[in-house]
Amino acid sequence: MDSDPDRLAIEGGRPVRAAWLPYGRHQVTEQDIAAVTAVLRGPWLTSGPHVEEFERALAARVGAAEAAAVSSGTAALHLAYLAAGIGPGDEVVTTPLTFAATANAALYVGARPVFADIDERTLNLDPAAAEAAVTPRTRAIVPVHYSGRPCAMGALRAVADRRGLLLIEDACHALGAVSDGRPVGSGSADLSVWSFHPVKHVAAGEGGAVTAPARSDLVEAVRRLRNHGIDLDSRSRAGWAYRIDRLGYNYRLADINAALAASQLGRLSENLARRRALAGLYQRELARFAELRLPAADDAGALSAWHLYVVRLQLERLSVGRAEVFAALRAENIGVNVHYLPVYRHPLYERFGGRPGLCPVAERAYEELLTLPLFPAMTEADAADVVAALGKVLRRYRK
Ligand SMILES: Cc1ncc(COP(=O)(O)O)c(C=O)c1O
């Protein structure tokens with residue numbers, strides 16, 4: 001093996017780490033396992049008392065009046081749009097810097113996602129760009145708290161109110177984030193959408209939810225739509241009859257998943273504190289690299305949930321592009337990732353008006369983005385390996 005510690009692994013050197021470090025990973029404790037096995041020994045496997053218990057706990061944690069749990073964040077987006085009455089001919093204004101599900105769910109209901117550009121500093125939907133994208137067909141604005149950093153919700157609420165639109169936040173990255181001094185989910189949006197995919201703050205296997213800050217017919221509609229459109233009142237009556245008066249789906253969350261989610265939710269504060277500590281370590285240790293632009297500090301009254309830690313490569317200071325830096329870091333066993341190709345650049349979106357150059361700020365950011373490993377079970381030594389590998393790679397490729 002090469003004795004030169006500066007030789008990149010991709011060029012035949014010794015990798016900084018012997019074992020792969022992923023960008024995100026769930027954490028399951030013995031307590032989680034006990035919660036799930038108790039369900040397996042009980043009378044209910046699919047939606048039952050644990051779903052209701054999880055809904056109550058989630059609503060309390062995010063400061064919502066009510067919650068409806070479903071089978072995934074994608075299902076939650078689909079049903080939030082359906083419940084809001086969004087349909088064929090309608091438009092939904094959203095950010096291009098998100099997982100495709102935010103926009104795909106608009107296509108599910110026959111609506112058109114319209115992409116408005118992001119703010120250069122926060123990488124979140126720019127309220128002015130969102131307002132400029134509103135047309136008479138627009139029904140909702142759907143911001144995404146990218147990487148866990150809360151959006152400018154006050155400004156977006158003002159746009160929605162001026163234009164008579166719903167504000168539906170995709171909060172899949174932002175469980176536990178704070179915006180304008182209040183938990184995300186308790187404040188400005190009409191509906192909030194959550195995901196409990198394993199890399200998220202609460203890992204349910206698969207799972208999602210729609211919450212509302214005030215009592216809402218929309219959440220009631222989500223409950224009905226997740227279960228084939230079955231009328232809950234007729235179902236709870238003693239007889240055999242039930243009524244279906246709208247087309248619903250099977251998007252039920254199982255009690256098995258709900259028990260895991262509830263157990264994980266109990267550790268959310270711990271999870272957030274660990275993510276914040278690791279992000280703080282990165283902020284301090286990476287500040288010396290002029291080839292990196294680090295995430296901006298939290299705004300006053302805001303706290304990021306640090307779902308992702310995303311740096312931007314200062315490409316003018318490097319002799320190679322992002323692809324080479326990415327490959328070199330992966331060869332060092334650092335599982336960097338990229339979130340996200342602007343959604344409209346996927347070939348699917350060519351049919352829906354997607355074309356290069358649509359959102360220039362998002363496109364320029366995309367060329368530079370690099371997600372570093374960040375998850376609660378990571379150790380300081382793991383984070384030090386990431387810093388060391390970045391140092392090694394940036395020294396090699398610096399201009
Ligand atoms: C921003 C965003 N929206 C929606 C989703 C969809 O969630 P799920 O994977 O639970 O369907 C995800 C995640 O995976 C996401 O990151």
Identify all side-chain donor-acceptor contacts of residues 353-364 below 3.5 Å with residues at least two apart in sequence or on another chain.
residue: Glu363; atom: OE1; partner: Arg345; partner atom: NH1; Å: 3.3
residue: Glu363; atom: OE1; partner: Gly357; partner atom: N; Å: 3.3
residue: Glu363; atom: OE2; partner: Tyr344; partner atom: OH; Å: 2.5
residue: Glu363; atom: OE2; partner: Gly357; partner atom: N; Å: 2.7

- Item | Cluster overlap Val199 with Val184, hydrophobic side-chain contacts below 4.5 Å | no

- Item | Check against salt bridge (charged side-chain N to carboxylate O under 4.0 Å, His left out), Glu332 and Arg7 | CA-CA 11 Å; Glu332 302 293 340; Arg7 186 187 296 276; over 6 Å; no

- Task: Report the C-alpha distance between Asp190 and Arg157 in whole Å, list the side-chain angles of each, state the deciding distance to 0.1 Å, and finish with yes or no for salt bridge (charged side-chain N to carboxylate O under 4.0 Å, His left out).
- Result: CA-CA 9 Å; Asp190 298 294; Arg157 180 76 258 173; 3.1 Å; yes

- Heavy-atom distance under 4.5 Å between the side chains of Ile118 and Pro96, does that happen here? yes

- side-chain hydrogen bond (donor to acceptor under 3.5 Å, both in side chains) test vs Glu368 passes for just one of Gln314, Arg293, Arg312, namely Arg312

- Message: Using a 4.5 Å cut-off between side-chain heavy atoms of Ile, Leu, Val, Met, Phe, Trp and Tyr, which other residues end up in the same hydrophobic cluster as Ile33?
- Response: Val28

Counting only pairs under 3.5 Å, give me each side-chain donor-acceptor contact of residues 321-331, with atom names and distances, residues two or more places apart or in other chains.
residue: Arg322; atom: NH1; partner: Tyr366; partner atom: O; Å: 2.7
residue: Arg322; atom: NH1; partner: Leu369; partner atom: O; Å: 2.8
residue: Arg322; atom: NH2; partner: Tyr366; partner atom: O; Å: 3.1
residue: Glu324; atom: OE1; partner: Gly321; partner atom: N; Å: 3.0
residue: Arg330; atom: NE; partner: Val336; partner atom: O; Å: 3.1
residue: Arg330; atom: NH2; partner: Val336; partner atom: O; Å: 2.9

- Contacts of Thr211 meeting side chain to side chain donor-acceptor pair (under 3.5 Å) (sequence neighbours excluded), chain-then-number -> Trp194

Throw together a table of side-chain donor-acceptor distances under 3.5 angstrom for residues 167-176, partners on residues two or more places apart or in other chains.
residue: Glu169; atom: OE1; partner: His145; partner atom: NE2; Å: 2.8
residue: Glu169; atom: OE2; partner: Gly185; partner atom: N; Å: 3.3
residue: Glu169; atom: OE2; partner: Ser192; partner atom: OG; Å: 2.5
residue: Asp170; atom: OD1; partner: Cys172; partner atom: N; Å: 3.1
residue: Asp170; atom: OD2; partner: Thr102; partner atom: OG1; Å: 2.9
residue: His173; atom: ND1; partner: Ser147; partner atom: N; Å: 2.9
residue: His173; atom: NE2; partner: Tyr340; partner atom: OH; Å: 3.0

- Message: Which residues pass the side chain to side chain donor-acceptor pair (under 3.5 Å) test with Asn104, not counting sequence neighbours?
- Response: Tyr349

- Query: About how many Å separate CG of Asp217 and CZ of Arg224, when rounded to the nearest 0.5 Å?
  - Reply: 11.0 Å

- Working for side-chain hydrogen bond (donor to acceptor under 3.5 Å, both in side chains), residues Asp32 and Ser263: CA-CA 6 Å; Asp32 294 338; Ser263 180; 2.6 Å; yes

- Hey, which of Arg398, Arg396, Lys399 is the one that makes salt bridge (Lys or Arg N to Asp or Glu O under 4.0 Å) with Glu291? Arg398

- Message: Apply the hydrophobic cluster definition, ILVMFWY joined by side-chain contacts under 4.5 Å directly or through others, and give me every member besides Leu45.
- Response: Val36, Val39, Leu40, Ile256, Leu260

- Item | Ring-ring centroid check Tyr249 Tyr108, cutoff 6.0 Å | no

- How would you list, by chain and number, every residue that makes a side chain to side chain donor-acceptor pair (under 3.5 Å) with Arg351, sequence neighbours excluded? none

- Report the hydrophobic cluster partners of Leu303, with the cluster defined as I, L, V, M, F, W, Y residues connected by side-chain heavy atoms closer than 4.5 angstrom, directly or transitively. Val178

- Note on the structure: Residues passing the salt bridge (Lys or Arg N to Asp or Glu O under 4.0 Å) test with Asp119, sequence neighbours excluded, are none

- Message: A side-chain contact here means heavy atoms from C-beta on lying under 4.5 Å apart; do Arg274 and Leu278 qualify?
- Response: yes

- Item | Partners passing side chain to side chain donor-acceptor pair (under 3.5 Å) against Glu206 (at least two apart in sequence or in another chain) | none

- Query: Just how far is it from atom CZ of Arg112 to atom CZ of Arg139, taken to the nearest 0.5 Å?
  - Reply: 15.5 Å

- Quick one: do Arg163 and Thr138 satisfy side-chain hydrogen bond (donor to acceptor under 3.5 Å, both in side chains)? Show the steps, please. CA-CA 9 Å; Arg163 303 304 193 104; Thr138 309; over 6 Å; no

- Message: Counting C-beta onward and ignoring hydrogens, is there a side-chain heavy-atom pair between Val222 and Val70 closer than 4.5 Å?
- Response: yes

- Task: Kindly state each residue pair satisfying salt bridge (Lys or Arg N to Asp or Glu O under 4.0 Å) with at least one member in residues 61-71, sequence neighbours excluded.
- Result: Glu66-Arg215, Glu66-Arg223

